[in-house]
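Everything numeric here is computed off the predicted structure, so don't read it as measured data. Convention: sequence-line order gives letters A, B, ...; per-chain numbering from 1.
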Amino acid sequence: MKIKAQVCMVMHLDKCIGCHTCSVTCKNTWTNRPGTEYIWFNNVETRPGVGYPQEWENQQRYRGGWTLRNGKLTLRAGGPATKLANIFYNPDLPALDDFYEPWSYDYDALINSPQQKIQPVARPFSSITGEWMDTPKWGPNWDDDLAGGPEIAARDPNLKHLQEHVAMEFESAFMMYLPRICEHCLNPSCVASCPSGAIYKREEDGIVLVDQDACRGWRFCISGCPYKKVYFNWNTHKAEKCNFCYPRIEAGLPTVCSETCVGRIRYIGVILYDADRVREAAQVQNEKDLYPAQLSVFLDPFDPTVIEEARRAGISDAWIDSAQRSPVYLLALKWRVALPLHPEYRTLPMVWYVPPLSPMLTVMPNSERVGPMDIFPTIDQMRIPVEYLASLLSAGDTQVIRTVLGKLWAMRVHMRHHKTGEEVPNQLYHDIGMPAEELERMARLLAVAKYQERYVIPTAERGADPDLVYVQGACSLESIAPVEGFIPSVSVNKPQ
Amino acid sequence: MNLFFWVILPYITVTILVLGLLVRYNFDQLGWSARSTEIFEKRQLKWGSLLFHWGILAAFVGHVVGILIPIAVYHGLGISNEMYHRGAILLGGMAGLAALIGLVILTVRRLTHPRLRRHTSFADWLTTVVLLVVIGLGDWITLGHNLYATPFEYRTTVGPWFRGLFVFSPHAYLMTGIPLVFKIHIVASYVFWMIFPFTRLVHIISVPFAYLRRAPILYRSRLRYRPQS
């Protein structure tokens, strides 16, 4: 057993209102520099939809993640020798147009407009070429709220499995939001794809980072990540990715996307895992076994042998205590209502999702209320098809989704009986496998939990810090950032 | 004059190359990259980059074969001068043409795509021009001079002079009688090596062979990992 700790996240999709506050605050913090205009470490997708970059889940096209070849775990795009043979041209690399051409607006035209009959207009111009761009053709969430209509939404790779089942007709349309950041995987394929060895996983907190000094811009991490969460900065010609706001995490603070989340959908906590068993779990034959296999890599922070072993591995008591109070441990491991995104990519992702319920009364015609025992028969008629959620969160295993939705619904039924006095048959608790007290704890965590309950983050050890007085006020990106007084994208790229 | 071009200038070139690389490596890791533009344009890059890179690699091997390996080795192996030159012109010509065609595609691509033209630095243009000159002359030597005139025996002139540079006893007189195209090609290649440390060309020495032997998943300890600097 080789115990490591990871700071990881759960997002409760039922509470996501698709406001993009996480994306905007993340962008203002991390990717508001030249070269990163098109980069969103955090983005929110409307599903069904093509996502960002378009059709990122289509691994026939981008060939990211891992696959089994003769029972052995290999990178889908090929191992080191294949990579070196393709080093002059990466056929799988998404191009800028797969993301979008970033633009800004000529705001000066509004401010300096003379009095005139027609309203002045701020024309858009490309942040890449500086040329006018009167008709932007695609953006980071162009198909927000299904605005792309049935043409664009139907290109969602997850619909391929259930095309006959779900017609994209108005009457049967469904919609949900999917906020995405880097998964900070246990078995990261970007790390394994990097020829320079510049990407690494931090031992202490599992955050996956790109060493900007060591990156040589070979770009295999970008195509190697199945979630397309590593990006190419065209200005520095190096890879950049979500860094889980590591300076904040080290200080015990949640990431910016979590801190600013309006719906409070995000939970951050510590998980202890056995690094020796990662490869074995990623290598299981059946894709549907990947979710239970990943669960089996996580360790019980209350188990005395685990605690002893963790201490031996240099994990401090503060971290063990945090692991015991971790909301991620509760949602993912104890109650099992959080699920990994696309476990079939075999990267063992560490940002998990509680699947959304759909409106229920609509599926119960001629009924004003849904009885406690109507849960399981109703789940299959829900507006968001169970098959769709299974394609996202459980490698197609619909039974996993049914169980989770059942727990979430049972929680609502149980909480409702407090107010209405309605009888809840014991059979319900038996069916979902959770006692009433646990449902109440879960309801608190999912609905009313306060800051300290949602974010249980131990501060990092200070031993590694260099001369703090010297680096205070310094920026890690200082030497690649533009000179002072430079207003990116607006002052420089504006057409003459 | 001979002394300057064939003894002094080569050593100046090497000095600039080595010192430049040392300075850049130590002070500009952040700028050390292959400077790929694949994100801006893929279709032309595919042909241009593949032809250019594989062509130039083959041409490099050709230079090792022709310049670094002494003529006596070929005689010892029973390869006649005629056989050698026929092979050199055929294979070298193919490699050189591939590199040149690739480079022309890449240059046209840079000139015609607005995204690329906007983000091509002076160093990128300089690299392109120097490569066009060096490779163009090299192709002229192989496919023009050596094919239509009699093949020039560089293995008894340029070869020994070049090897002499490495043991610090270069003989400038070996270079007096060689055709002018050869001279210009060699001097142009000095420029190539002089600009090498200050351009994107540095990515050549970062070819990640270590990748073949390393563990797939890398961990670094925040506490115990310290970069050398």
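- Heavy atoms closer than 4.5 Å to chain B are found in both the backbone and the side chain of A:Asn187.
- Contact count versus chain B (heavy atoms, under 4.5 Å) is highest, among A:Ala81, A:Ser193, A:Pro195, for A:Pro195.
- For the set B:Leu212, B:Leu218, B:Leu50, the entry with the most heavy-atom pairs within less than 4.5 Å of chain A is B:Leu218.
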* **Residue pair A:Arg202, A:Glu204: steps toward the salt bridge (Lys or Arg N to Asp or Glu O under 4.0 Å) verdict** => CA-CA 6 Å; A:Arg202 289 215 296 198; A:Glu204 287 85 354; 5.5 Å; no
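- In this structure, chain B has no heavy atom under 4.5 Å from any part of A:Leu73.
- Residue B:Arg115 touches chain A through both its backbone and its side chain, counting heavy-atom pairs closer than 4.5 Å.
- Per-residue counts of heavy-atom pairs under 4.5 Å with chain B were compared for A:Trp218, A:Tyr200, A:Phe232; the largest is that of A:Tyr200.
- For chain B, no part of A:Ile207 is nearby; none of its heavy atoms comes within less than 4.5 Å.
- Neither the backbone nor the side chain of A:Phe220 comes within contact range of chain B; no heavy atom of the residue lies under 4.5 Å from a heavy atom of that chain.
- Heavy atoms closer than 4.5 Å to chain B are found in the side chain of A:Leu84, but not in its backbone.
- Between B:Asp124 and B:Arg117, no side-chain nitrogen of the basic residue sits less than 4.0 Å from a carboxylate oxygen of the acidic one, so the salt-bridge criterion is not met.
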* Determine, step by step, whether B:Arg118 and A:Thr129 satisfy the side-chain hydrogen bond (donor to acceptor under 3.5 Å, both in side chains) criterion, reporting the C-alpha distance in whole Å, the side-chain angles of both residues, the deciding distance to 0.1 Å, and the verdict. => CA-CA 6 Å; B:Arg118 182 78 175 69; A:Thr129 62; over 6 Å; no
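- For the atom pair CD1 (A:Ile222) and OH (A:Tyr231), the distance works out to 10.5 Å, reported to the nearest 0.5 Å.
- Contact of A:Asp98 with chain B is not made at all, since no heavy-atom distance falls under 4.5 Å.
- Put simply, of B:Ser49, B:Pro114, B:Gly48, B:Ser206, the one with the most heavy-atom pairs under 4.5 Å next to chain A is B:Ser206.
- B:Arg222 and A:Glu250 are joined by a salt bridge, as a carboxylate oxygen and a charged side-chain nitrogen come within less than 4.0 angstrom of each other.
- Rounded to the nearest 0.5 angstrom, B:Arg110 CZ and B:Thr120 OG1 are separated by 4.0 Å.
- A salt bridge links A:Arg33 to A:Glu240: at least one charged side-chain nitrogen sits closer than 4.0 Å to a carboxylate oxygen.
- A donor atom on one side chain and an acceptor atom on the other are not found under 3.5 Å apart for A:Ser189 and A:Arg346.
- Heavy atoms of A:Leu75 lying under 4.5 Å from chain B belong exclusively to its side chain.
- For B:Leu57, the part lying near chain A is the side chain, with the backbone staying farther off; criterion is any non-hydrogen pair under 4.5 Å.
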* To do: May I have the step-by-step check of ring pair (Phe, Tyr, Trp, His ring centres under 6.0 Å) for B:His145 and B:Phe182, ending in yes or no?
  => CA-CA 10 Å; B:His145 189 279; B:Phe182 281 75; 5.7 Å; yes
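- Contacts of A:Cys190 with chain B are absent, with no heavy-atom separation under 4.5 Å from either backbone or side chain.
- Between chain B and the residues A:Gly217, A:Cys194, A:Ser196, the largest count of heavy-atom pairs under 4.5 Å involves A:Cys194.
- Heavy-atom distances place no part of A:Ala239 under 4.5 Å from chain B, backbone and side chain included.
- When heavy atoms are compared at a cutoff of 4.5 Å, B:Ala34 approaches chain A by way of both its backbone and its side chain.
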* Before giving the answer on salt bridge (Lys or Arg N to Asp or Glu O under 4.0 Å), spell out for B:Lys46 and B:Glu38 the whole-Å C-alpha distance, their side-chain angles and the decisive distance to 0.1 Å. => CA-CA 9 Å; B:Lys46 180 180 180 179; B:Glu38 189 177 345; over 6 Å; no
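- We find that A:Glu203 and B:Arg220 are not joined by a salt bridge, their nearest charged nitrogen and carboxylate oxygen being 4.0 Å or further apart.
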